[in-house]
Amino acid sequence: MLRIEGLSAEIDGKEILKGIDLEVPTGEVHAIMGPNGSGKSTLSYVLSGREGYEVTGGTATLNGVDILAMEPEERAAAGLFLAFQYPVELPGVGNATFLRTALNAVRKGRGESELDAMQFLKVARQRMKALSMPEDMLKRGVNVGFSGGEKKRNEILQMAMLEPSMAILDETDSGLDIDALKIVSDGVNAMRGPGFSALVITHYQRLLDYIVPDRVHVLMGGRIVKSGGPELAHELEAQGYGAIQEGLPSKHRFDGGEAAA
Amino acid sequence: MPAVNETIEAVQSVTESTYKWGFETDIEMEFAPKGLNEDIVRFISAKKNEPAWLLEWRLRAFALWKTMETPLWAAVKHPPIDFQDSYYYAAPKEKVGPKSLDEVDPELLKTYAKLGIPLREQEILAGVEGAGSTPAEGRMPIAIDAVFDSVSVATSYKERLGKEGIIFCSISEAVQEHPDLVKKYLGSVVPQGDNFYAALNSAVFTDGSFVYIPKGVRCPMELSTYFRINAKSTGQFERTLIIADAGSHVSYLEGCTAPMRDENQLHAAVVELVAMDDATIKYSTVQNWYPGDAEGKGGIYNFVTKRGACRGARSKISWTQVETGSAITWKYPSCILQGEDSVGEFYSVAITNNYQQADTGTKMFHIGPRTKSTIVSKGISAGHGQNTYRGLVRIGAKATGARNFTQCDSLLIGDLCGAHTVPYIENRCMSAKVEHEATTSRIAEDQLFYCRQRGLTQEEAVGLIVNGFCREVLKELPMEFAVEAQKLLQISLEGSVG
């Protein structure tokens, strides 16, 4: 389970997260929604340990272990996975090489034996089939020349291979057509179970029709300002973020309350 | 590809020192007096029992060298070299005909073992009687020549190659056993007065490898030379000559290491290749001379002249080099494409880390019609490293339909290093086609983070990204050496990020 308490963080001296409290119990899928600039991607980078994001207060633990003190690769081994909003291209690095290197690095970190090429291929083929990915995607350079949909499917493939206990999906729905959205959602839903939790970050309610969350949280101005069941997403879709902002005390407003909303 | 994991393991196994070949072997050595003059040239020639014509040839080279000046056009900086402050001849004291490994100088064997030469080849190299008649089972044999300081210590699998008519021996031996071939081809591609360092080499070269592949023969194994500078204050001047007669095929590999020393040592080799009609020579180098320490102290000056002549129609010469070592690399493996439809290739990876400098590239001379050349150069700069690609593509008036494709990519790690690309293109033929592509990029922070989020450490991530960057070149190397090269790339870049 992921437990975040009073987490604040800044980039270049600018405070973005202003005290986040959030708990995702094991086996649950939670959604985080919020307008642009509310700190959604920052939260995902702070949790996964990207350089340049400085934690100024609070704690974050995964299954009881403090992750904020760990290197990014240690967090990955501890079970944290981030599906990137913009998956990165690695020219010349074969997708299969990358997947296998990552899988074995993580397995090693978890004290499991490494997979040889044959064992790896067997698992990879299974997972790819489930995501309707053609096998030649294994031979191509990591994300090089991939379409938007292919890149996102590749993220889900990596997630399926690495079998994290906690996945953060950062706007995985952006740039997906309806078919790809379904495939990606099926990939996530297939992993749901007692050993898997996820934090789904999205702008739109659309994704949450396919990945139905246990809880929905609204992130605005660097804080969780409202939480509720799946119906909260529909509410937001109907009324927009403005309605929520108006209902908040001024210090919780997106603009920090300095100007009138 | 499994090699990446091996790369990672290799790095993890390197604990104390990044340059693990920096050991020194304590062997009884014989030296010529320090310094360079005609007497030294005569001494070397006499020591090798050379015929009069070769002594004359050396003396002519020495006379030419004295009139020449150190080339200063390369983008490298170093204090003037005192050519009188070096030994030009150093050789392990001879012990002939050991019956078994027990009789071989154990220090020499230790050296081979540390260099990673397999036991079977060690036996053969040490000249153990009866060794080398049959290759070890279950793997592709590699015939090896080892050059220790100035002298070729031994050559393996000679007998087996001899059955095919292939000559693979030290150049000193070739001078004695095959004088006609040596006389005909020595200096025919790189003349004595070609350049300052080639002239120096021609005057004082001490050993090197000689290969002759007869007509129509496909060499059944990789031929390989290990070069090792061991003695202090010693220059190494080896000379390699490879002749591939009509319709033959050979793949040749060289690897080089040296002990860690505070002083700079000079390595000025000359390599000449000759390919006749329909012959193919593939020449691969994994150069890992000591690069100096992190502050730029010590290291090898690697000033090398390598050139191949595609004399025959449809002949092909392919250079592949992975240059990770040396304080300074000054090297332009080139092809003279005389025969019609002949092909020249140059695939290069050059890494400069800390204070290393490299000025390397190629020259492709298109003389015959429909000659074709491909240049793929990958330069990686880290630390304070300076990396220059310098290349010439010259297309003569008669090279109708000639084609060249050049691709130069530079990768920068950190903000204190430099990458430079200096391509020269001279075209005198209307029907020729010349293409040049160049890119410069950095290892991006988002690439590193992406890899680390997937469980790779920073160094594993750099290794993976650099190997990806070099993939087009590494795939040209014979399999075993590709793995070795991948390890080297990563080790060379240790500590460059962070």
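Below, chains carry the letters A, B, ... as their sequence lines are ordered, and counting in each starts from 1.
The shortest distance between side-chain heavy atoms of B/F449 and A/L82 falls below 4.5 Å. With a 4.5 Å cut-off on side-chain heavy atoms, A/V93 and B/N467 do not count as touching. Using a 4.5 Å heavy-atom cutoff, the side chains of B/Q453 and A/S48 are in contact.
With chain B as partner, the option from A/G49, A/P91, A/P87 having the largest number of non-hydrogen pairs under 4.5 angstrom is A/P91. Ranked by heavy-atom pairs shorter than 4.5 Å toward chain B, the options A/R107, A/R75, A/E71, A/E74 are led by A/E71.
Using modelled atom types, no side-chain atom of A/E89 and backbone atom of B/Q447 make a donor-acceptor pair closer than 3.5 Å.
Counting heavy atoms of neighbouring residues, nucleotides and ligands inside a 6.0 Å radius, atom NZ of A/K40 exceeds 12 of them. Within a 6.0 Å radius of CG in A/D12, no more than 12 heavy atoms belonging to other residues, nucleotides or ligands are found. Enclosure of atom CZ in B/R403 is not indicated, since only 12 or fewer non-hydrogen atoms of other residues, nucleotides or ligands lie within 6.0 angstrom. Around atom CZ of B/R471, no more than 12 heavy atoms belonging to other residues, nucleotides or ligands sit under 6.0 Å away. Heavy atoms from other residues, nucleotides or ligands lying under 6.0 Å from CD of B/E435 number more than 12.
A salt bridge does not link B/R454 with A/E73: none of the charged nitrogens is closer than 4.0 Å to a carboxylate oxygen.
Listed here is the closest heavy atom pair of A/A76 and B/G455: CB-N, 3.7 Å.
The parts of B/Y450 that come within reach of chain A are both its backbone and its side chain, each placing non-hydrogen atoms under 4.5 angstrom from that chain. For B/C451, the parts lying under 4.5 angstrom from a heavy atom of chain A are both the backbone and the side chain.
No side-chain donor from either of A/Y86 and B/D446 sits under 3.5 Å from a side-chain acceptor of the other.
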